[in-house]
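Quick notes on the structure that follows.
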Amino acid sequence: MPYGIYEDNDLVSGLFSMPFEINFHGQSFLMNGITDVMSVPEYSGKGAAGTLMKAALTDMYENQVVLSYLAPFSFAYYRKFGYEQLFDHQVYQLDSDKLPRVRPSKHGRVRRTTLEKAIPLIRGTYLNSSLSQNGGLIRQNWWWHYLTEKHPEWQVAYYQDDQQSVTGYLVYTRTADEFRVQEFVHLKSDSYQSLLSFVFKHGTGYQRYTFENANSDYQGDLLADPYPLKVTTQPYMMGRIVSLQAFLAKYPFAQTDFEPISFNIQDEIITQNSGTWMISATDGKIGIEHDSELKATVPTFTIQQFTKAAFGYRSLASQSAFGQIDTNAEKLTKLDNLFVQEKPILADYF
C-alpha cells in the first residue's frame with residue numbers, strides 16, 4: 001500500500017508498505033515490509049516521513065499484521081519507530097589463487113539456467129531451507145517474479161540428486177573480475193559439495209569469489225585453511241513486533257509448560273503494546289494477560305529490546321550485561337529460556 005503527503009498536488013513524501021508472510025520456526029505471521037521511504041529535499045527534517053511511518057504502523061495494527069521489516073538508511077532513525085536490528089549477513093571472499101579443491105559428489109549433477117526458468121525447480125528447496133524458516137519470507141509467486149524483473153543478471157545453478165530431486169541451488173552473478181554468490185541453499189551434503197565445486201571450477205577466470213550468506217553464523221571453519229578467507233559481518237535489516245498480543249499467541253516457545261512470567265513493555269508508537277504482560281503455558285496452551293498499567297515489581301523492556309530477544313538475535317541477559325537493560329541478568333534467564341535460540345535469517349531485500 002502506498003502512503004504519501006502532497007502539496008499543491010505534488011508528492012513531497014512517500015513510502016510503500018508491502019504485504020508479506022514469514023515463517024518463524026514453523027509459525028506463519030503476516031509481515032509488512034516498509035520500503036522506498038522518501039521526502040523531497042525541501043521537506044527533509046520536517047517530520048513528513050515520520051508521519052507516514054506512524055500511519056503505516058497504525059494501519060498494520062488495525063489490519064492484524066503482526067510484524068514489520070525494513071532496510072534502514074539510519075538505524076537510529078528507525079529505532080524511534082520501534083524497529084531494531086535483527087538481521088545480519090556474512091560476506092566471504094577468496095582470491096582466485098587461494099581457492100580450495102572441492103570434489104563434487106559422486107551422485108547427482110549440477111545444471112545452470114536463468115532465475116525465471118529455475119523458479120519452479122527451486123521454490124520448494126527454498127521453503128525447506130533455513131532461509132525461509134527463521135523469520136524469512138514465504139516467497140509468493142509475485143515476489144519470485146519481481147526478483148526476475150529486478151535482477152535480470154541473476155543466474156542459477158541447481159543440484160539434482162539421482163532421483164531428480166532438487167536439494168540445493170545457488171544464485172550468482174558474474175562480472176569481469178568477480179564471481180558473486182547471492183544465495184546458497186543446500187539441504188544435503190551432496191548438494192553443498194557439488195555446488196561449491198561448481199563455483200570453484202571457474203578457477204582463475206575471476207580475480208575473486210564472493211559469497212553473501214544470510215546466515216550470520218561463521219562458517220569459515222569448514223575450509224581446510226581459513227586464513228586466506230576474508231570475512232565481514234554486515235548489518236542488514238531491522239524489524240519490529242506490531243501486535244505483541246498476536247505474536248505471543250502463536251510464538252513457538254521452547255517450553256510447553258511454564259509458570260506465569262510477568263514483564264513490562266514500553267512502546268511509544270503502538271501504545272496498545274505497552275503495559276504489563278503475563279504469559280504462561282499448560283500442555284502447550286498459551287495463557288496471555290495484559291494490563292495497560294506498568295508494574296514497578298517486574299522487569300521493563302522497550303519493544304525493541306523484547307523483539308531482539310524474542311527473535312533470538314540477542315538475549316535479554318546479554319542486553320543487560322552490556323548495560324542496555326536496567327535489570328539483573330540473572331532475573332532474565334527464565335524468560336530467555338523460553339525464546340528461540342537460533343538467530344533470525346533473511347535473504348530478501350525490499
Roughly how far apart are Gln93 CD and Gln207 CD, rounded to 0.5 Å? 10.5 Å

For the rings on Phe16 and Tyr3, is their centre-to-centre separation under 6.0 Å? no

Parallel, tilted or perpendicular: ring planes of Phe73 versus Tyr77, cut at 30 and 60 degrees: tilted

Flag the pair Ile303 / Gln266 as yes when at least one side-chain heavy-atom distance between them is below 4.5 Å, and no otherwise. no

Are Phe247 and Met238 connected into the same hydrophobic cluster when the rule is that any two of I, L, V, M, F, W, Y join if their side-chain heavy atoms are below 4.5 Å apart? no

Can you find a side-chain donor-acceptor pair between Asn32 and Ser17 that sits under 3.5 Å? yes

Nearest non-hydrogen partners of Gly33 and Met31, listed with the distance: N-SD, 3.5 Å

What's the spacing between Arg240 CZ and Arg79 CZ if we round to 0.5 Å? 13.5 Å

Could you tell me if His89 and Gln234 have a donor-acceptor pair between their side chains, going purely by distance under 3.5 Å? no

I'd like to check Trp143 versus Phe20 (side-chain heavy atoms, cut-off strictly below 4.5 Å). Are they in contact? yes

Is it the case that Thr173 and Glu153 place a side-chain donor and acceptor less than 3.5 Å from each other? no

Would you say the side-chain atoms of Asn337 and Gln255 include a donor-acceptor pair closer than 3.5 Å? no

dist Leu195:CG -> Tyr169:OH (nearest 0.5 Å) comes out at 11.0 Å

Pair Phe184 and Tyr172, ring centroids less than 6.0 Å apart: no

Enclosure of Gln27 CD (heavy-atom neighbours >12, cutoff 6.0 Å): yes

Is the cationic atom of Lys343 (NZ for Lys, CZ for Arg) positioned less than 6.0 Å from the six-membered ring centroid of Tyr313 and within 45 degrees of its normal? yes

Check: Arg174/Gln155 side-chain N/O donor and acceptor closer than 3.5 Å: yes

Just by distance, with hydrogens left out, do Tyr83 and Ser68 show a side-chain donor and acceptor under 3.5 Å apart? yes

Any idea which heavy atoms bring Pro226 and Tyr218 closest together, and the distance? CB-OH, 3.8 Å

Side-chain ion pair, Asp348 and Arg139, N-O less than 4.0 Å: yes

So do the side chains of Thr167 and Asp190 get within less than 4.5 Å of each other, counting heavy atoms only? no

For a quick test of reading the model, state the closest non-hydrogen atom pair linking Gln319 to Gln305 and the distance between them. NE2-O, 3.2 Å

NZ (Lys230) with more than 12 external heavy atoms under 6.0 Å: no

Less than 3.5 Å apart, any donor N or O on the side chain of Gln90 or Thr233 sitting next to an acceptor on the other? yes

Test: Lys54 cationic atom under 6.0 Å from Phe81 six-membered ring centre, within 45° of axis: no

